[in-house]
Amino acid sequence: MKAVIFDLDGVITDTAEYHFQAWGSLAAALSIPFDREFNEQLKGISRTESLDKILARGNLSDKFSEEGKQELATRKNTEYQRLISAVTPSDILPGIKALLTELREARIGIALASASKNATFILERLELAYYFDSVVDVTAIRHGKPDPEIFLTGAANLGVQPAECIGIEDAQAGIQAIKGAGMFAVGVGTPSQMQGADIVVATTAELSLSMLESHFIRG
Ligand code: BG6
Ligand code: MG
C-alpha cells in the first residue's frame with residue numbers, strides 16, 4: 001500500500017451533515033420532500049447534479065431556466081458556506097488526525113479526492129492542509145463520481161499505481177468510483193449504503209494504519 005486517497009465530506013469531517021441541512025432548507029423553500037434516505041443519493045455528486053435530482057423529485061425540472069438553477073445552487077452554497085465558516089480543528093472526525101500522522105510518518109502518500117469546490121477552504125479551517133501531498137483540483141475533473149477519474153487523478157498526482165492505493169469514502173457514488181479506479185475501497189457507514197466496498201467501518205474511529213494494512217489487498 002503506497003497511498004491513501006480520502007474523500008472529505010463525511011470522512012474527514014462531518015460537513016456531509018451541513019450539505020444535508022443546506023439542501024434541506026432549499027428543498028423546504030421549494031416545497032420538495034427531502035429526507036436522509038434521499039440525501040444518500042446526493043453524497044459525492046456535484047452541486048449542479050444534486051440540484052437536478054432535487055428538482056426532479058419535486059417535478060420542477062422544467063420550471064427553472066439555467067439561470068434560475070444557477071441562482072438556486074448559489075443560494076444553497078451561500079447557506080452551506082455560512083455553516084462551514086464555523087468549522088474548527090475540533091470538527092475533525094475521530095481517528096482521522098492520528099491516521100494522517102501515521103501515514104506521513106510511514107511515508108505513505110496522501111491525497112484528497114473531493115467533489116467539493118469548498119474542499120480547500122475546509123482543509124484550511126481544519127488545519128489539515130499540511131498533511132496532503134495532493135488535493136485533486138475538482139474544476140479540472142471532467143467526469144464526477146461515480147466515474148473513477150478523480151481517484152485516478154489522485155493516484156497519478158502521487159505517482160503511484162491505482163492498485164497500490166486505498167480510497168476512503170462515505171458515499172455509494174464514491175465507492176463505485178474507487179472500485180472503478182481499481183483501488184481497495186474502505187466505506188464509512190452502514191454496509192447497505194456502501195455496496196461494493198472491500199471493508200466497511202461504522203465510524204472513522206476504527207481507522208488506523210495497522211488496520212488498513214491488515215485488510216489491504218492489492219487491486
Ligand atoms: C461532495 C459532497 O463532497 O461535494 C456533495 O458529498 C456535494 O454532497 C459536493 O454536493 C459538491 O460540493 P460543493 O461544496 O462544491 O457544493
Ligand atoms: Mg463524502
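Whatever order the structure lists them in is the order used to number ligands and atoms, beginning at 1. One-based numbering along the sequence shown.
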Handout entry: Residue pair E66 / Q70, side-chain donor-acceptor N/O under 3.5 Å
Key = no

Practice task
Could you tell me whether the side chains of Q81 and T78 share a donor-acceptor contact shorter than 3.5 Å?
Solution key: no

Exercise for the section: Answer yes when D7 and K145 have at least one side-chain N-carboxylate O distance shorter than 4.0 Å, and no when they do not. Expected result: yes

Exercise for the section: Answer yes when R36 and E17 have at least one side-chain N-carboxylate O distance shorter than 4.0 Å, and no when they do not. Expected result: yes

Exercise for the section: Indicate if I178 and I150 have the same hydrophobic cluster label, given that clusters are the connected sets of ILVMFWY residues with side-chain heavy-atom separations under 4.5 angstrom. Expected result: yes

Practice task
Give a yes/no on ligand 1: does L8 have at least one heavy atom closer than 4.0 angstrom to it?
Solution key: no

Problem - S116 N/O under 3.5 Å from ligand 1 N/O - result: yes

Exercise for the section: Determine whether any heavy atom of A16 lies closer than 4.0 Å to an atom of ligand 1. Expected result: no

Completion exercise
Looking at D9, the N, O or S atom sitting nearest the Mg ion (ligand 2) is O

Exercise for the section: Examine the side chains of H19 and D9 and answer whether a donor and an acceptor come within less than 3.5 Å of each other. Expected result: yes

Handout entry: Side chains of D133 and N157, donor plus acceptor under 3.5 Å
Key = no

Handout entry: Geometric N/O contact N118 with ligand 1, under 3.5 angstrom
Key = yes

Exercise for the section: Just go through V11, I45, D9 and tell me whose heavy atom is the nearest to atom 7 (C) of ligand 1. Expected result: I45

Problem - Within-4.5 Å side-chain heavy-atom neighbours: D198 and H215 - result: no

Fill in the blank from the handout: Note: H19, heavy atoms under 4.0 Å from ligand 1, region reported as side chain

Handout entry: Contact check: Y80 vs ligand 1, nitrogen or oxygen atoms, below 3.5 angstrom
Key = no

Handout entry: L42 contact mode with ligand 1 (heavy-atom cut-off under 4.0 Å)
Key = backbone

Completion exercise
For the Mg ion (ligand 2), angle spanned by D170 OD1 and D7 OD2 (nearest 10°) is 90°

Problem - ligand 1 versus S114: contacting region, heavy-atom distance under 4.0 Å - result: side chain

Exercise for the section: Could you say whether the N/O atoms of K43 and ligand 1 ever approach to under 3.5 Å? Expected result: no

Practice task
Assess the side chains of S114 and S116: does a donor N or O sit below 3.5 Å from an acceptor N or O?
Solution key: no

Handout entry: N77-ligand 1 polar pair, N/O distance under 3.5 Å
Key = no

